[in-house]
Every structure is written in C-alpha cells, then in structure tokens.
Asks: 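Sharing a structure below in structure tokens format, with a few things to ask.
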Amino acid sequence: MTESSRTKWARIAGAERPDAAMRAYRRPNLRMLAEVAAGLSAPQKELPPKYFYDHRGSELFEEITRLPEYYPTRTERALLAAWMPELVPQLGTRALIELGAGSAEKSRIILSAMQEAGTADLYVPIDVSASFLNQTASRLRREYPGLAVEPVVADISEELERPRGLPHPALYAFLGGTIGNFYPPAAIRLLSRVRVAMEARDRLLLGVDLRKDVNRIEAAYNDSQGVTAAFNRNMLLVLNHELGSDFDPSAFEHLAFYEPRTHRIEMHLVPSTAQEVRIPGIGVVSFAAGESMRTEISCKHDRGSVAALFAAAGLRIEIWKPDPDALFALVVGALV
Ligand code: AVJ
C-alpha cells in the first residue's frame, strides 16, 4: 500500500498516528473496542482481565505461578496430583472439557489419570488463543496415543458449546481459581452455561481460591520481584497493539488490595500524573493523576459462597476438597 493511501486511511479512521490507525482499520477488534469503551466511560474505569493474556501476558502469568508468594497454582496442582488418580476412576471420566485451558500441565494430571483408568477418549481444550491451542493439541496427541484432542477457540465469558458426539461421563474443568475473575452475576451465567451443557452423569471440576489471612492474599498479588506489576501493565501494551491506542505503561503504578467486604482482591493501574490517551474508534480518554483503573477482581471463596453460586446455576456441591492448609479448594459439582 502506498504512503498516501496509508495516510488517507489514517485520516478516515480519525487518528493522528497512521500505523496505529492502520492496525485498527485492518483488524477492527469490535468486541474489544466495545468492552474497552464501556469500561473506560464508567465512573470507576475498568478493563476486562481477559486482556492480560497475549503471548507476553501468558508468559508473565507463568512466571507469577512460580513466585514464592503466589500459592494458588502449586496448591491446586498438588491437590490434583493427589486426588485425580482416585477421583477419575470413581467418576469414570471419558471426556475432559477444559474451560480456559491455560497451562496444559494441570490437564496432563487429569489426562494421565484417565489414561491409567483406560478411559482417555477425548480432550476438548477451550481457549481464546488459537495458536496456543493448536500447539498444545499436537503435543498432547503425541503424548496420549488413542486420545482424541479437539480444541475449541472460544471466549468462555461469552459462550459455551457442547461438542457433538461427546462421550460420557464428561468432566468440565474450570481450574486455577479463574471463576474468581468474574463478578458474581457473570460467574453464575458461566456456571449456568456449563450446567446446560451437562448431562446427569457429567461433573464440573472447579478450582477456587479460599478466603484466608489478608496479608497472605495481598502478598500473592504484590510480589517482591514486580512480576505481577509487569503483568498488570502489560494489559496497556495489549490495548496499544490491538486497538492502536497510545497508553504509556510506565506512567501507571500497579495497585493490588483486598476488599474484605466483597472478599476479593482488586488490581488497579493508577497514573501518577494526568494522562490523555487516544484510542482510535473511541477518542481521547482522560485520567486525572491518581485516578485508578480496575483491571481485575479475584474473588475468594468458602464452601458457602460456592454453594450459593452453584445453587443459582442449578448445580450442587458433590465433593468439597480443600488442601490441608485450606488455601485452595477443588469442588466437584453435579446437577441439582
Ligand atoms: C489465574 C486468573 C485466577 O486471579 O489469581 C495472578 C490471575 N492475577 N496474579 C488470579 C492473576 C494476578 C489469577 N487467575
């Protein structure tokens, strides 16, 4: 494309920076644009946490899971390793449908238990990232001969399809405590979608981070190496890349605190000086110095709060399995 037409498209897209406008024009991510527009026009500015996870964001999250302060991942992994070899044969699981397939490392614990039980028929990892999924899929096919791997690219916060020809009993897994990133009404909608997909003999396996000493929780989101801060700021780079905006990540401070009333960690980005951010398709968004933007909530649960979410979604707790220190729990859900 010639320079003159680049400039023309930039003018039509209404931006001063041709490259940014070109990106926004060529690949208008309309859902993202609509979510960002809605979030940034609210009195408390807010962005959806799913936008942390581009390639770099996923790397940073992997790094978080290895931090000494971040207990959820290793606690959940230990629970899975100790329990799946017993639970999977008990349930007779023949298909694993994993919502937000994240690190396939945890899936392997379940898949290995299925293989051991001789019931490893099908694995359906669902994730927003297609490249990640296809990489994982081909590797797992090699590691588990006889296992069918059928990845689905989908945004689980929006939709869930029951794959056709699913063998039963199926296990729907939603691990990592990611249910905590959803406000309760959205968490209930998500669980309801799973419930609607489930047959009576299917089960849900949910990982939830538990309520505990506030200092322990806050330390997990304020690590001493600043990895969580980099992860938080990375969302601004994702927006710049996807929407052609001009956020200056270095102008924003990482803030994470526990809200005891709502039982949740909140992560924010706070500009130390006033900011004017141009977002093609939205316009100029102003931040006063110190005006925070919320990037994530991470709700912490107990058995009662999970039972309430389940009840609202037509599910019940069949098994409640916390680790010995009650940091994290795995929950088996069944139809009411
Ligand atoms: C894996 C999405 C549940 O909320 O703890 C880690 C993401 N955010 N550090 C969480 C996260 C900050 C994590 N989830």
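As a basis for the values below, the full set of heavy atoms in this structure was taken, side chains included, without hydrogen atoms, waters or symmetry mates. Order of appearance sets the numbers: ligands from 1, and atoms from 1 within every ligand.
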Asks: Enter the distance from Thr295:OG1 to Met267:CE here, rounded to the nearest 0.5 Å.
Replies: 4.5 Å

Asks: Got Leu80 and Leu205 here, is their nearest side-chain heavy-atom distance under 4.5 Å?
Replies: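 Yes. Closest side-chain heavy atoms under 4.5 Å.
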
Asks: Find all atoms of ligand 1 within a distance of less than 4.0 Å from any non-hydrogen atom belonging to Thr178, and give their numbers and elements.
Replies: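 Once the distances to Thr178 are compared, the set is 1 (C), 2 (C), 3 (C).
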
Asks: Students should be able to answer this: which protein heavy-atom is nearest to atom 11 (C) of ligand 1, and at what distance?
Replies: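 Nearest protein contact, heavy atoms only, for atom 11 (C) of ligand 1 is Glu296 OE1, 3.7 Å.
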
Asks: Within the structure, is a non-hydrogen atom of Tyr53 found at a distance of less than 4.0 Å from ligand 1?
Replies: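 Contact present.
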
Asks: Applying salt bridge (charged side-chain N to carboxylate O under 4.0 Å, His left out), run through Arg216 and Glu69 and close with a yes or a no.
Replies: CA-CA 8 Å; Arg216 182 87 192 254; Glu69 297 98 331; over 6 Å; no

Asks: Between Asn181 (side chain only) and Ile297 (backbone N and O only), is there a donor and an acceptor less than 3.5 Å apart?
Replies: yes

Asks: Could you tell me the residue and atom name of the protein heavy atom closest to atom 1 (C) of ligand 1, and the distance to it rounded to 0.1 Å?
Replies: Phe61 CZ, 3.3 Å

Asks: Specify the closest pair of heavy atoms between Asp121 and Pro167, including all atoms of both residues, with the distance to one decimal.
Replies: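 So the two residues come closest at CB-CG, 4.0 Å.
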
Asks: Does Ser298 reach ligand 1 with a nitrogen or oxygen that is under 3.5 Å from one of the ligand's nitrogen or oxygen atoms?
Replies: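 The answer is yes, given that Ser298 and ligand 1 share an N or O pair closer than 3.5 Å.
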
Asks: Show, in sequence, the C-alpha distance, side-chain angles and deciding distance for Asp155 and Arg31, and conclude whether the salt bridge (charged side-chain N to carboxylate O under 4.0 Å, His left out) test is met.
Replies: CA-CA 11 Å; Asp155 178 352; Arg31 177 182 288 174; 3.6 Å; yes

Asks: Under 4.0 Å between a side-chain nitrogen and a carboxylate oxygen: does that hold for Glu259 and Arg264?
Replies: no

Asks: Work out whether the distance between some heavy atom of Phe52 and some atom of ligand 1 is less than 4.0 Å.
Replies: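 Outside the 4.0 Å threshold, so no.
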
Asks: Does Gly176 come within less than 4.0 Å of ligand 1, judged by its heavy atoms?
Replies: yes

Asks: Considering both backbone and side-chain atoms of Asn181, is one of its nitrogen or oxygen atoms within less than 3.5 Å of a nitrogen or oxygen in ligand 1?
Replies: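 Asn181 vs ligand 1: N/O contact under 3.5 Å present.
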
Asks: Would you call Leu33 and Leu243 a side-chain contact if the rule is heavy atoms closer than 4.5 Å?
Replies: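 Sidechains of Leu243 and Leu33: in contact.
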
Asks: State if Pro72 counts as touching ligand 1 under the rule of any non-hydrogen atom under 4.0 Å.
Replies: no

Asks: At a 4.0 Å threshold, what atoms of ligand 1 neighbour a non-hydrogen atom of Gly177?
Replies: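 What qualifies from ligand 1 is 3 (C).
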
Asks: List the closest protein heavy-atom neighbour of atom 13 (C) of ligand 1: residue, atom name, distance to the nearest 0.1 Å.
Replies: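 Nearest neighbour among protein heavy atoms for atom 13 (C) of ligand 1, to 0.1 Å: Tyr70 OH, 3.2 Å.
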
